[in-house]
Amino acid sequence: MPQEKTGKKIIAVNRKARHDYFVEDTYEAGIALYGTEVKSVRQGQVNLKDSYCRVINGELFALGVHISPYEKGNIFNRDPLREKKLLMHKKEILKLGQYVTRDSYTLVPLSLYFSGSNVKMEIGLCKGKKLWDKRESDAKAEAGREIERAVKSRGRRDYDD
């Protein structure tokens, strides 16, 4: 019996999403890509910055995801910014559509990764942060870094004695 690969190989991460939004929940979706796009993804030529997801006619699409054209793909290359269809169960898509329209949430791609041989996208159900929320998050992160530095330097002094 062949052994299945279950490891995740992360290709791209949208770091700006966690800075600009509160991530309430995450979902995993497959992504429909063409052959040359998959080859570009394997090379890591993906940018998730400024991308978002939208429910259109009961289907989920990722907009603004930039997959660079494959250098050896010539006529088979697709538009780098085309809408990419995301694959999820119909009930999940309808539920996400209700959150977006009724409760003013936003669907944001958080990461793109390989799960076995399939390309998957992690989508976050997010609410936007205000400027003071961003400042507060930055202050907490800076305090955490300061604590780490203090712990490291204290550990070094203990060993020097």
Side-chain angles (χ1 to χ4, degrees), residues 4-138 140-142 144-145:
E4 290 184 11
K5 293 182 181 180
T6 57
K8 290 183 180 179
K9 181 185 173 198
I10 295 177
I11 301 160
V13 177
N14 188 354
R15 295 172 195 258
K16 191 173 180 187
R18 298 214 186 255
H19 180 261
D20 291 343
Y21 299 98
F22 292 113
V23 179
E24 303 287 329
D25 203 2
T26 59
Y27 296 90
E28 180 181 71
I31 183 168
L33 298 174
Y34 291 97
T36 55
E37 289 177 322
V38 174
K39 290 180 180 184
S40 286
V41 167
R42 285 195 186 281
Q43 292 178 346
Q45 298 178 346
V46 181
N47 187 357
L48 297 177
K49 190 176 178 183
D50 298 330
S51 59
Y52 61 98
C53 298
R54 181 169 284 160
V55 178
I56 302 170
N57 295 330
E59 296 180 333
L60 189 60
F61 290 94
L63 303 149
V65 176
H66 187 278
I67 298 177
S68 297
Y70 183 58
E71 58 193 36
K72 298 174 186 155
N74 58 39
I75 62 170
F76 299 108
N77 281 331
R78 305 288 174 163
D79 178 30
L81 289 172
R82 74 173 182 86
E83 297 177 344
K84 280 107 178 132
K85 185 174 181 179
L86 300 179
L87 310 170
M88 290 179 76
H89 291 285
K90 192 73 159 183
K91 286 183 181 179
E92 284 183 311
I93 293 172
L94 294 175
K95 184 173 87 170
L96 290 175
Q98 289 176 350
Y99 277 122
V100 170
T101 56
R102 186 182 60 213
D103 297 335
S104 69
Y105 281 95
T106 304
L107 295 172
V108 179
L110 300 176
S111 65
L112 194 68
Y113 57 90
F114 279 106
S115 179
S117 63
N118 299 323
V119 180
K120 302 281 184 173
M121 182 178 281
E122 183 181 26
I123 300 168
L125 185 65
C126 305
K127 276 215 180 238
K129 284 185 181 179
K130 304 291 184 204
L131 182 60
W132 59 82
D133 291 328
K134 292 179 190 178
R135 286 183 190 146
E136 184 179 320
S137 296
D138 290 343
K140 284 182 184 177
E142 184 61 35
R145 284 192 289 269

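Just so you know, these numbers use all the heavy atoms, side chains as well, and skip hydrogens, waters and symmetry mates.
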Which heavy atom of Tyr113 sits nearest a heavy atom of Ile10, and at what distance? CB-CA, 3.7 Å
Hits for salt bridge (charged side-chain N to carboxylate O under 4.0 Å, His left out) against Glu92, two or more places apart or cross-chain, chain-then-number order -> none
Between CG on residue Leu87 and CG on residue Asn118, distance to nearest 0.5 Å: 9.5 Å
Any non-hydrogen side-chain atom of Leu125 less than 4.5 Å from a side-chain atom of Leu107? yes
For Lys90 versus Gly58, what's the shortest heavy-atom pair and its separation? NZ-O, 3.2 Å
Over all atoms of both residues, closest heavy-atom pair of Leu112 and Leu48: N-CD1, 3.9 Å
Using only atom types and a distance under 3.5 Å, with no angle test, would you say the side chain of Asn14 pairs donor to acceptor with the backbone of Pro109? yes
One should read off an interatomic distance between Ile11 CD1 and Ser40 OG, to the nearest 0.5 angstrom, of 11.0 Å
Between Glu24 and Lys127, does at least one N-O distance fall below 4.0 Å, as a salt bridge requires? no
Can you measure from CD (Gln45) to NE2 (His66) and round to the nearest 0.5 angstrom? 9.5 Å
Answer yes or no: are there more than 12 heavy-atom neighbours, outside Phe61 itself, under 6.0 Å from its atom CZ? yes
As an exercise, state the distance from CG of Leu94 to CE of Met88, rounded to the nearest 0.5 Å. 10.5 Å
Holding to side chain to side chain donor-acceptor pair (under 3.5 Å), I want the full list of residues that pass it with Tyr105, two or more places apart in sequence or in another chain. none
Quick one: OH on Tyr21 to OG1 on Thr106, what's the gap to the nearest 0.5 Å? 5.0 Å
Looking at every non-hydrogen atom in both residues, tell me the closest pair between Arg54 and Leu63 and how far apart they are. CB-CD1, 3.8 Å
Which atoms form the tightest heavy-atom contact between Ala29 and Ile123, and what is the distance? CB-CD1, 3.8 Å
Audit row: Lys16, Asp50, side-chain contact (heavy atoms from CB on, under 4.5 Å) steps and yes/no: CA-CA 8 Å; Lys16 191 173 180 187; Asp50 298 330; 3.7 Å; yes
For a quick test of reading the model, state the closest non-hydrogen atom pair linking Phe114 to Arg42 and the distance between them. CZ-CG, 3.5 Å
Roughly how far apart are Ile56 CD1 and Ile93 CD1, rounded to 0.5 Å? 11.5 Å
Does any non-hydrogen side-chain atom of Lys84 lie less than 4.5 Å from one of Leu33? yes
